[in-house]
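Reviewing the structure listed below.
The basis for the numbers below is simple: all heavy atoms, side chains too, and nothing from hydrogens, waters or symmetry mates.
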Amino acid sequence: MDYIEALNQRRSEYSLSPELPVSQDDVVKLIRDIISVTPTSYNGQSPRAFVLFGDDHKALWKIVEDSLIAKIGPERYQKSKGKIDGFANAAGTILYYEDDSVTKKLQEDNPSYRDNFPVWAEQANGMLQFAVWSGLRTLGIGANIQHYNPLIDDRVRETFGIPEGYRLIAQMPFGKVVREAPRKPRLNPEDTVRVAHALV
């Protein structure tokens, strides 16, 4: 699969099964290879990723379920139950974090850009998520991105031993695609990307 085709195949896949077309080691290697080449401001390298498989993966989505029930009650949770069960039925989940101590140090060392570093860190994490999401497709794996943080942050940290100072950004369940999501309409690239020329 070439680069553009991998990007084209990436979409939010919600119909996932626990089988994988490759080994767990292959998935972890892909993520490690991608994080090592993802750009970050001042080469801060603040993004972190934790990969959950099997019972650990299911434990995460049990935390999500328990946290939602505690917040909105069991009756309202029934509207979300099918979606959460679907995530739990996947093969694994990638937890994306930011090591905020890196950003803080960059702010201290470069006070002129202090306000920019948190924004740049978020951008770097987004680039990592997109790169991994697309990379998984080259392995025949589908995924989607969720954001149940900060509701689940404390329990996830306690359960999986996440270091203090790491801030949860997103959760990416992944697995074998059972039923591919339909393509969504896209704007004409000629309207969204233009060659600009100076007016004077």
Is the shortest side-chain heavy-atom distance between Val51 and Asp56 below 4.5 Å?
no

In short, ring-ring contact (aromatic ring centres under 6.0 Å, His included) pairs touching residues 12-45 with sequence neighbours left out are Tyr42-Phe117

Side chains of Ile141 and Leu20: closer than 4.5 Å at any heavy-atom pair?
yes

Look at atom CD of Glu190 and say whether more than 12 heavy atoms of other residues, nucleotides or ligands are closer to it than 6.0 Å.
no

Below 4.5 Å, heavy atoms only, C-beta onward: do Tyr148 and Phe87 meet side chain to side chain?
yes

Is there side-chain contact between Pro21 and Leu139, with heavy atoms separated by less than 4.5 Å?
no

Path from Phe130 to Leu95 over hydrophobic side-chain contacts below 4.5 Å
no

Value for CD (Glu13) from CD (Glu180), rounded to nearest 0.5 Å, stands at 5.5 Å

Do Gln24 and Asp26 have a side chain donor and acceptor closer than 3.5 Å?
no

If you round to the nearest 0.5 Å, how far is OG of Ser101 from CD of Glu164?
11.5 Å

When you look at Arg11 and Arg183, which way does the side-chain contact (heavy atoms from CB on, under 4.5 Å) test go after all the steps?
CA-CA 8 Å; Arg11 56 182 66 102; Arg183 293 179 183 272; 3.0 Å; yes

Minimal heavy-atom distance between His57 and Ala88, with the atoms involved, is NE2-O, 3.0 Å

Mind listing the closest non-hydrogen atom pair of Val102 and Gly44 along with its distance?
CG1-O, 3.3 Å

Do you know the tightest heavy-atom contact between Pro39 and Met127?
O-CE, 3.6 Å

Exercise: identify the closest heavy-atom pair between Leu16 and Pro173
CD1-O, 3.9 Å

Assign the ring pair Phe50 / Tyr97 to parallel, tilted or perpendicular, where the plane angle (0 to 90°) is split at 30° and 60°.
perpendicular

Nearest-0.5 Å distance that lies between atom NZ in Lys83 and atom CG in Asn144
9.5 Å

I'd like to check Gln107 versus Pro118 (side-chain heavy atoms, cut-off strictly below 4.5 Å). Are they in contact?
yes

Paired with Leu30, the side chain to side chain contact (heavy atoms under 4.5 Å, CB included) test is passed by just one of Val22, Asp25, Leu136, namely Leu136

Decide yes or no for Val177 and Gln9: does some side-chain heavy atom of the first lie under 4.5 Å from some side-chain heavy atom of the second?
no

Mind running side-chain contact (heavy atoms from CB on, under 4.5 Å) on Ile152 and Leu60 for me, showing each step along the way?
CA-CA 9 Å; Ile152 63 173; Leu60 169 73; 4.3 Å; yes

Among Ile31, Thr38, Ile169, the one residue meeting side chain to side chain contact (heavy atoms under 4.5 Å, CB included) with Leu128:
Thr38

Hey, what do you get for CG (Asp100) to CG (Leu106), rounding to the nearest 0.5 Å?
11.5 Å

Joint hydrophobic cluster, Val64 plus Ile72, side-chain heavy atoms closer than 4.5 Å:
yes

Under 3.5 Å, is there a donor-acceptor pair between the side chain of Thr159 and the main chain of Val156?
no

Checking the side chain of Trp133 only, and the main-chain atoms of Ala143 only, is there a donor and an acceptor separated by less than 3.5 Å?
yes

Are Tyr96 and Leu168 packed together at the side-chain level, in the sense that at least one heavy-atom pair is separated by less than 4.5 angstrom?
no

Output, in order, the C-alpha distance, side-chain angles, deciding distance and verdict of salt bridge (charged side-chain N to carboxylate O under 4.0 Å, His left out) for Arg157 and Asp153.
CA-CA 6 Å; Arg157 179 179 292 111; Asp153 288 17; 5.4 Å; no

Would Arg155 and Asp66 pass as an ion pair if we require N to O under 4.0 Å?
yes

If I take atom CG from residue Asn89 and atom CH2 from residue Trp61, how far apart are they, to the nearest 0.5 angstrom?
12.5 Å

For the CZ atom on Phe160, are there more than 12 heavy atoms of other groups (residues, nucleotides or ligands in this structure) within a distance under 6.0 Å?
yes

Would you check if Ile94 and Leu52 make a side-chain contact, meaning some heavy-atom pair closer than 4.5 Å?
no

Between the side chains of Asp33 and Lys29, is the shortest nitrogen-to-carboxylate-oxygen separation below 4.0 Å, so that they form an ion pair?
yes

Steps toward side-chain contact (heavy atoms from CB on, under 4.5 Å) verdict (Ile145, Gln171)
CA-CA 6 Å; Ile145 290 182; Gln171 306 85 54; over 6 Å; no

With Ser46, which residues qualify under side-chain hydrogen bond (donor to acceptor under 3.5 Å, both in side chains), at least two apart?
Glu98

Taking it one step at a time, do Thr93 and Phe53 satisfy side-chain contact (heavy atoms from CB on, under 4.5 Å)?
CA-CA 7 Å; Thr93 302; Phe53 294 104; over 6 Å; no

Between the side chains of Lys58 and Asp55, is the shortest nitrogen-to-carboxylate-oxygen separation below 4.0 Å, so that they form an ion pair?
no

Take atom CD of Glu75 as the centre, draw a 6.0 Å sphere, and report whether it contains more than 12 heavy atoms from other residues, nucleotides or ligands.
no

Using salt bridge (charged side-chain N to carboxylate O under 4.0 Å, His left out), reason through Glu5 and Arg10 one step at a time and then give a plain yes or no.
CA-CA 9 Å; Glu5 182 58 21; Arg10 182 226 54 82; over 6 Å; no

Quick one: pull up CD1 in Ile63 and CD in Glu158 and give me the separation to the nearest 0.5 Å.
9.0 Å

